[in-house]
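Take a look at the structure set out below.
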Amino acid sequence: KQEVTQIPAALSVPEGENLVLNCSFTDSAIYNLQWFRQDPGKGLTSLLLIQSSQREQTSGRLNASLDKSSGRSTLYIAASQPGDSATYLCAANILTGGGNKLTFGTGTQLKVEL
Amino acid sequence: DGGITQSPKYLFRKEGQNVTLSCEQNLNHDAMYWYRQDPGQGLRLIYYSQIVNDFQKGDIAEGYSVSREKKESFPLTVTSAQKNPTAFYLCASTLTSGSADTQYFGPGTRLTVL
């Protein structure tokens with residue numbers, strides 16, 4: 001059974017700092033790895049999707065990498081801003097016969113301070 | 001505007017009562033999903049539907065039921081058999097049931113059992 005772990009569970013950084021969020025998964029047989037953002041009491045917003053054949057994806061100040069062989073993905077946030085404060089979730093899309101099924105990590109709660 | 005709507009935002013239920021959560025999408029997506037989120041835990045899949053008039057159990061389907069009579073609607077009923085229903089419920093959809101698609105999420109419904 002696929003398990004997804006995110007470290008650290010919480011992170012507080014000063015504004016302007018570059019930071020890395022970590023995600024690990026136990027089963028390397030994945031279709032893709034997705035990163036989401038969740039604000040308190042809200043739904044999830046998709047940030048980046050990395051296909052299993054890709055090594056990284058970039059969107060603005062965000063860069064996500066994927067290393068299937070080691071079962072790891074990282075989300076790099078450059079020049080962090082207070083508006084980046086949220087919980088970041090990664091999810092592995094596993095290879096089953098049932099279509100698009102995601103296994104989620106428990107998230108990293110990020111606080112960017114002025 | 002295209003998107004996913006969930007209603008109500010907050011729902012209170014007495015023990016022993018069934019309650020139905022609404023999920024509607026106007027994205028013309030084929031597949032829809034229901035997740036449950038508890039504090040400190042990742043999202044867990046309850047049910048999913050790849051196409052109209054078809055749905056499958058997810059990892060924690062006991063005590064829940066769904067229907068998919070229309071493409072745009074995927075209501076979730078929390079029955080009295082669900083022993084710990086207090087949680088945040090999220091609905092999502094994808095364009096197809098194919099594994100490469102990003103999941104789009106609604107704003108969620110917070111259910112509290114009194």
Side-chain angles (χ1 to χ4, degrees), chain A residues 1-10 21 23-27 29-54 57 59 64 66 86-109, chain B residues 3-10 21 23-25 27 29-51 54-61 87-112:
Chain A
K1 180 184 176 184
Q2 178 75 274
E3 292 183 5
V4 178
T5 304
Q6 291 187 247
I7 294 174
L21 307 181
C23 172
S24 61
F25 46 95
T26 55
D27 187 345
I30 61 170
Y31 272 134
N32 59 52
L33 192 290
Q34 300 181 35
W35 283 93
F36 295 89
R37 169 185 172 137
Q38 185 177 30
D39 292 289
K42 306 288 187 183
L44 276 64
T45 301
S46 178
L47 297 173
L48 290 164
L49 184 155
I50 313 174
Q51 301 293 353
S52 61
S53 58
Q54 297 175 319
Q57 280 284 334
S59 176
L66 175 64
T87 297
Y88 291 82
L89 297 153
C90 69
N93 195 330
I94 59 177
L95 285 169
T96 72
N100 194 336
K101 294 177 68 176
L102 296 177
T103 300
F104 283 84
T106 53
T108 294
Q109 188 173 9
Chain B
I4 302 175
T5 57
Q6 291 186 241
S7 62
K9 185 173 182 179
Y10 298 97
L21 282 60
C23 177
E24 303 277 334
Q25 54 97 1
L27 300 167
H29 283 181
D30 284 338
M32 298 184 74
Y33 311 80
W34 273 107
Y35 294 91
R36 168 183 173 138
Q37 187 176 33
D38 295 280
Q41 297 193 36
L43 279 69
R44 292 181 290 169
L45 183 64
I46 304 172
Y47 267 98
Y48 64 103
S49 168
Q50 297 183 69
I51 198 166
D54 182 64
F55 50 83
Q56 289 84 39
K57 292 181 179 180
D59 299 320
I60 54 165
F88 189 51
Y89 290 86
L90 289 159
C91 178
S93 70
T94 54
L95 181 61
T96 71
S97 59
S99 58
D101 293 340
T102 297
Q103 291 199 8
Y104 293 88
F105 282 79
T109 292
R110 186 167 299 280
L111 172 64
T112 302

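Quick note on labels: first sequence line is chain A, next is B, and so on, each numbered from 1. Predicted model only: the values in this text are computed from it and were never measured.
- For Q6(A), no part sits under 4.5 Å from any heavy atom of chain B, backbone or side chain.
- For L45(B), the part lying near chain A is the side chain, with the backbone staying farther off; criterion is any non-hydrogen pair under 4.5 Å.
- Applying the 6.0 Å contact sphere to OH of Y104(B) captures no more than 12 heavy atoms from other residues, nucleotides or ligands.
- Annotation: maximal heavy-atom pairing with chain B below 4.5 Å, among L44(A), T103(A), T45(A), V4(A), occurs at L44(A).
- Of all heavy-atom pairs between T102(B) and S46(A), the closest is CG2-OG, 3.1 Å.
- In Q109(A), the CD atom is not crowded: 12 or fewer heavy atoms of neighbouring residues, nucleotides or ligands sit closer than 6.0 Å.
- Counting heavy atoms from C-beta on, the side chains of K1(A) and D59(B) never come closer than 4.5 Å.
- Heavy atoms closer than 4.5 Å to chain A are found in the side chain of T94(B), but not in its backbone.
- Counting all heavy atoms, side chain and backbone alike, Q103(B) lies closest to F36(A) at O-CE2, 3.6 Å.
- For the residue pair L102(A) and Y35(B), the shortest heavy atom distance occurs at CB-OH, 4.0 Å.
- In terms of heavy-atom pairs under 4.5 angstrom with chain B, the leader among G41(A), A91(A), G107(A) is G41(A).
- The two residues Y48(B) and K101(A) make their nearest non-hydrogen contact at OH-CD, 3.8 Å.
- Distance check, rounded to the nearest 0.5 Å: OG1 of T106(A) to CG of D38(B) gives 12.5 Å.
- Open room surrounds CD on E3(A); 12 or fewer heavy atoms of other groups in view lie less than 6.0 Å from it.
- For the pair Q34(A) and D101(B), the tightest heavy-atom approach, listed with the atom from each and the gap, is NE2-O, 3.7 Å.
- Here the straight-line distance linking atom NZ of K9(B) with atom NZ of K42(A) works out to 4.5 Å at 0.5 Å rounding.
- For L89(A), the part lying near chain B is the side chain, with the backbone staying farther off; criterion is any non-hydrogen pair under 4.5 Å.
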